[in-house]
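Reading through the structure tokens given below for one structure.
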There are 2 protein chains.
Amino acid sequence: MGGDRRGSAAKEQAIARGLDRLREVLRARNLKMSSVREAIARAALAYEGHFRVDDLVRYLHASGVREAHMATVYRSLPLMIEAGLIQPALVPNGDGQVYEASFERERHDHLRCTGCGLVVEYKSETLEALQREIAARHGFELEEQVHELRGRCRKCRRAGASTPPPGSRRSRARTAERSPR
Amino acid sequence: MGGDRRGSAAKEQAIARGLDRLREVLRARNLKMSSVREAIARAALAYEGHFRVDDLVRYLHASGVREAHMATVYRSLPLMIEAGLIQPALVPNGDGQVYEASFERERHDHLRCTGCGLVVEYKSETLEALQREIAARHGFELEEQVHELRGRCRKCRRAGASTPPPGSRRSRARTAERSPR
DNA sequence: TCTGAAGATGCGAATCATTCGCATCTTAAA
DNA sequence: TTTAAGATGCGAATGATTCGCATCTTCAGA
């Protein structure tokens, strides 16, 4: 306990390293760092849990960053992904893409409940090894793996009620996610 | 050889079974079969390889089906999916969702080349078993698994040229797919 | 420190796939 | 047949993401 209250020091340093990484990518492409870009990257790195572009924009506004336009955030996404700061998280479900910070964090996959939208993370070395092997067997050099299991969580199964009829839009993913801090 | 020329008999019967399956789903929901719906289902069942909604519409037009409006095709997708006639194939890449016929076909996953868009199918019992186990371990009853590996195929790796810069849209997936017949 | 060219940003318009509303045909069960 | 419940075509509406463009900023020299 107490270890979860990693509020400032360590986290701030991780953010600093993330920003450095971003600068490298920018330099490599002859692009420039800017205050807005830095604010966006900071927000993404600090965000706990999954987020969408508009979540990030709201977060930026809330933290007093002058406008920080959506278009700008969109434009910075590919760069942040390339720098390894963030990555697309879940497989898009109709509503836009969901991201999550990935800098200095372990790779993992998701399990999503088709009933309530609950998202659970899991990690499997065996699975990853298997994936690499499959890719290799087909002559591919693995770069990225999209993996998401869907089913009904314990609670929803208890609650009975089978899978909702097709066409019903599931509400935004629900997770035990905290808000940005 | 010659075995690939499974033109009519067997295939036509499979289509008939698929339509029956669809009728069951419709009946269960108190929905009705219709000539348009049947034409759409036939097209989907007969389509070789991956297709998008507009591909299907074009195919329908080409086969002389009166208009067959896009909206109608969209409306029938959830039903066909529920009936197991088709399923979303690749993970959407910006351009719309890609489907493939799945009726009486083996489940499989895809490997996609980030260079040329080549799509290769593969199948792994081990992988599927592992997935079921993971789901079970978390109390989930597995319903669906999204799985796609991305990397560079042999040819693209030979051709050198590292991954294209971010922001470049990949053209429509390329496969050794034949057109509908 | 000053400058200029290359980039970055805000804003609103433009895209694009997908969905809706609704008036009008069809289907299927009495 | 009749007729209520559905299905369809069409075009408008959505919603996420992208573009165009007229300004700001950044940063590598001078």
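Computed over heavy atoms, backbone and side chain alike; hydrogens, waters and symmetry mates excluded. Letters go in sequence order (proteins before strands), and every chain restarts at 1.
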Practice prompt. Round to the nearest Å and state the distance from B/R27 atom CZ to D/dA5 atom P.
Written response: 20 Å
Discussion item. For A/H110 and A/H50, take the angle between the two ring planes, folded into 0 to 90°, and tell me which bin it lands in: parallel under 30, tilted 30 to 60, perpendicular over 60.
Written reply: perpendicular
Practice prompt. Any chance you could list the contact pattern along nucleotides 9-14 of chain D? Use B for base contacts, S for sugar-phosphate-only contacts and - for none, protein heavy atoms under 4.0 Å, 5' to 3'.
Written response: BB----
Item to complete: Kindly point out which of D/dC27, C/dT18, C/dT27 is positioned nearest to the side chain of A/M33?
Response: D/dC27
Fill in: Length of the CD-P vector between B/Q97 and C/dT19, whole Å
11 Å
Worksheet item: Atom CZ of B/R29 and atom P of C/dA28: how far apart are they, to the nearest Å?
Response: 18 Å
Discussion item. What I want to find out is whether B/D20 reaches B/R17 closely enough, with some N-O distance under 4.0 Å, to be called a salt bridge.
Written reply: no
Worksheet item: Would A/D55 and A/R58 pass as an ion pair if we require N to O under 4.0 Å?
Response: yes
Fill in: Side-chain N or O of A/S34 closer than 4.0 Å to phosphate OP1/OP2 of C/dG7
no
Fill in: Distance, rounded to the nearest Å, where B/L26 contributes CG and C/dT26 contributes P
19 Å
Worksheet, complete the sentence: Smallest heavy-atom separation, A/L19 atom then A/L45 atom, equals N-CD1, 4.3 Å
Fill in: d(CG, B/L31; P, C/dT26) in whole Å
19 Å
Discussion item. Students often mix this up, so state it plainly: with edges at 30° and 60°, are the rings of B/Y59 and B/Y47 parallel, tilted or perpendicular?
Written reply: perpendicular
Worksheet item: Quick one: is B/R37 getting a side-chain N or O under 4.0 Å of the D/dT8 phosphate, OP1 or OP2?
Response: yes
Worksheet item: B/Y74 side chain N/O closer than 4.0 Å to the phosphate oxygens (OP1, OP2) of C/dT19?
Response: no
Practice prompt. Using whole Å, report how far OH of B/Y99 lies from P of C/dA17.
Written response: 13 Å
Worksheet item: With a 4.0 Å cut-off, would you call B/R150 and B/E148 a salt bridge?
Response: yes
Discussion item. To check you understand the geometry: which heavy-atom pair defines the closest contact between B/L149 and A/Q145, and what is its length?
Written reply: CD2-CB, 3.6 Å
Worksheet item: Tell me: CG of B/L22 to P of D/dG6, nearest whole Å?
Response: 16 Å
Discussion item. What is the distance, to the nearest angstrom, from the CZ atom on B/R58 to the C1' atom on C/dA17?
Written reply: 14 Å
